Every structure is written in C-alpha cells, then in structure tokens.
Amino acid sequence: MFQLRSRDEVASADAGWLRARHHFAIGPYGNPAHKPVGNLIVLNDDEIAPHTGFELHHHANIEIVAYVHDGTITHRDDQGNVGTIHAGDVQAMSAGTGIRHSERNDDDTPARLFQIWLTPRC
C-alpha cells in the first residue's frame, strides 16, 4: 500500500557531492519506518554536483531505472557501454548476475535524477 509522506518524513543525506532523499530505507540510508513496497526497494531523489558522481561500483540481481529531470548523467560500465542520459531521458539497466558501472555529472551545473531499484521476479 502506498502512503502519502510529507517532505519532512523522507530521510535525506548530504555527502557534499551528492544530496539524496531516500523514500525507502535500504541499508543504513533512509527512514527505517519506510519499508520497500513489493519489488520496489529504492526510490531516491538525487542531486549530483558538477564534475562528480558515483565512481565505478557493483550491482547484482537488481533492475535499475534512472530518470534524469535536470542536467545530464554519463553512464559507463564494464561491458563497454558509454552513454549520456539527458533531462527527460530514462535509462533502464538490468544488473543480472553482476555489473560494474559509474554515473557521473560531467557538466558545470547540478544534475537531478530519480533512482529506482526493483528486485527481479524469479
């Protein structure tokens, strides 16, 4: 069941280069009272500072959807894929048994995006 939550109830974190609002709790992030909903385990509203981003990191057994609503994000992965996601674009990535990738804001202005993670159905 979906619940309406005020902005103040949604946990936030500020790492300097990344400002994130975690709508669900995952690991040490988010409000522990806000549990995932079915297969939807992450819904983050992220702002990535210029010329920074998520360096190469690993994911497995997860479907990742990114919707960029301001700026651009450059995606690189260990499969040789490189692409730029512009405002209004959606990227869907299946991590399968494992993938390493990076997401960077190579522009001079902040980038804002929604990160959505879903567990696959087996």
Side-chain angles (χ1 to χ4, degrees):
M1 174 196 317
F2 287 98
Q3 298 174 333
L4 181 61
R5 297 184 180 127
S6 72
R7 184 175 178 88
D8 294 337
E9 291 179 275
V10 176
S12 61
D14 189 339
W17 65 272
L18 172 67
R19 293 186 339 175
R21 298 191 67 76
H22 304 281
H23 293 266
F24 300 117
I26 184 166
Y29 305 104
N31 181 335
H34 299 165
K35 304 294 184 205
V37 177
N39 293 58
L40 177 61
I41 64 168
V42 167
L43 173 58
N44 290 352
D45 184 357
D46 293 341
E47 181 177 299
I48 302 173
H51 307 287
T52 67
F54 296 94
E55 297 302 331
L56 197 64
H57 61 283
H58 182 264
H59 289 287
N61 301 315
I62 200 79
E63 306 296 319
I64 301 171
V65 178
Y67 171 72
V68 177
H69 50 93
D70 291 304
T72 61
I73 297 293
T74 300
H75 167 98
R76 288 181 174 81
D77 64 40
D78 63 357
Q79 307 297 307
N81 299 304
V82 178
T84 302
I85 311 159
H86 300 272
D89 289 349
V90 174
Q91 177 196 38
M93 180 178 74
S94 179
T97 59
I99 191 167
R100 293 177 53 80
H101 79 123
S102 65
E103 299 158 294
R104 291 192 46 85
N105 173 9
D106 293 329
D107 286 346
D108 295 327
T109 58
R112 295 211 39 220
L113 67 149
F114 290 115
Q115 292 261 356
I116 302 160
W117 296 5
L118 302 139
T119 56
R121 293 183 188 225
C122 296

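No experiment lies behind these values; they were computed from the predicted model shown. Sequence positions, counted from 1, serve as the residue numbers for this chain.
Taking the side chain as every heavy atom from C-beta outward, I116 and Y67 never approach each other to under 4.5 Å. Between Q79 and R100, the closest side-chain pair of non-hydrogen atoms is not below 4.5 Å. Contact check for T119 versus I62: side-chain heavy atoms found under the 4.5 Å cut-off. Contact of the L18 side chain with the E47 side chain is not registered, since no non-hydrogen atoms from C-beta on lie closer than 4.5 Å. Using a 4.5 Å heavy-atom threshold, the side chains of M93 and I99 count as touching. For the pair D89 and Q91, the minimum side-chain heavy-atom distance is 4.5 Å or more.
The two residues T97 and A60 come nearest to each other via the heavy atoms O-CB, 3.7 Å. Taking both residues in full, the closest heavy atoms of A49 and T52 are given as O-OG1, 2.7 Å, listed atom of the first, atom of the second, then distance. When all heavy atoms of A25 and P32 are compared, the closest pair comes out as CB-CA, 3.8 Å.
In this structure, W117 has its ring center at least 6.0 angstrom away from the ring center of F24. For an aromatic pair to be called close, the ring centres must be under 6.0 Å apart, and H34 with H23 fails this.
In this structure, a donor-acceptor pair under 3.5 Å is present between the side chains of E63 and S94. Between the side chains of H51 and D107, no donor-acceptor pair is found at a separation under 3.5 Å.
With D14 contributing its side chain and G16 its backbone, the two residues share a donor-acceptor pair below 3.5 Å.
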Note to self: side-chain contact (heavy atoms from CB on, under 4.5 Å) for I41 and I26? Distances and angles first, verdict last.
What the structure shows: CA-CA 7 Å; I41 64 168; I26 184 166; 4.2 Å; yes

Note to self: salt bridge (charged side-chain N to carboxylate O under 4.0 Å, His left out), that's the test. Do D45 and R112 meet it? Break it down for me.
What the structure shows: CA-CA 7 Å; D45 184 357; R112 295 211 39 220; 3.0 Å; yes

Note to self: Set out, in order, the CA-CA distance, both residues' side-chain angles and the distance that settles side-chain contact (heavy atoms from CB on, under 4.5 Å) for V65 and V90, then state yes or no.
What the structure shows: CA-CA 7 Å; V65 178; V90 174; 3.8 Å; yes

Margin query: Would E55 and R104 count as a salt bridge (charged side-chain N to carboxylate O under 4.0 Å, His left out) here? Give the steps.
Written below: CA-CA 7 Å; E55 297 302 331; R104 291 192 46 85; 2.9 Å; yes

Item checked: Criterion side-chain contact (heavy atoms from CB on, under 4.5 Å) on L113 and I73, from CA distance to verdict -> CA-CA 9 Å; L113 67 149; I73 297 293; 4.1 Å; yes

Next item on the list: Give the C-alpha distance, both sets of side-chain angles, the deciding distance and a yes or no for side-chain contact (heavy atoms from CB on, under 4.5 Å) between I64 and Q115.
Entry: CA-CA 7 Å; I64 301 171; Q115 292 261 356; 3.9 Å; yes

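The distance from the CD1 atom of I48 to the OG1 atom of T109 is 12.0 Å, given to the nearest 0.5 Å. One distance of note links CG of N105 with OG1 of T74; it measures 8.0 Å at 0.5 Å rounding.
Between H57 and H59, the two ring planes are perpendicular [angle over 60°; tilted spans 30° to 60°]. Aromatic ring pairs are classed by plane angle as parallel below 30°, tilted from 30° to 60° and perpendicular above 60°; the pair H75 and H101 is tilted.
Under the 4.5 Å side-chain heavy-atom criterion for ILVMFWY residues, no single connected hydrophobic cluster contains both L118 and V42. A continuous path of Ile, Leu, Val, Met, Phe, Trp and Tyr side chains, each step under 4.5 Å between heavy atoms, connects V37 with F114, placing both in one hydrophobic cluster.
Atom CZ of R21 has more than 12 heavy atoms from other residues, nucleotides or ligands within 6.0 Å.
For the side chain to side chain contact (heavy atoms under 4.5 Å, CB included) test with H22, the passing option among N31, V10, N44 is N44; the others fail.
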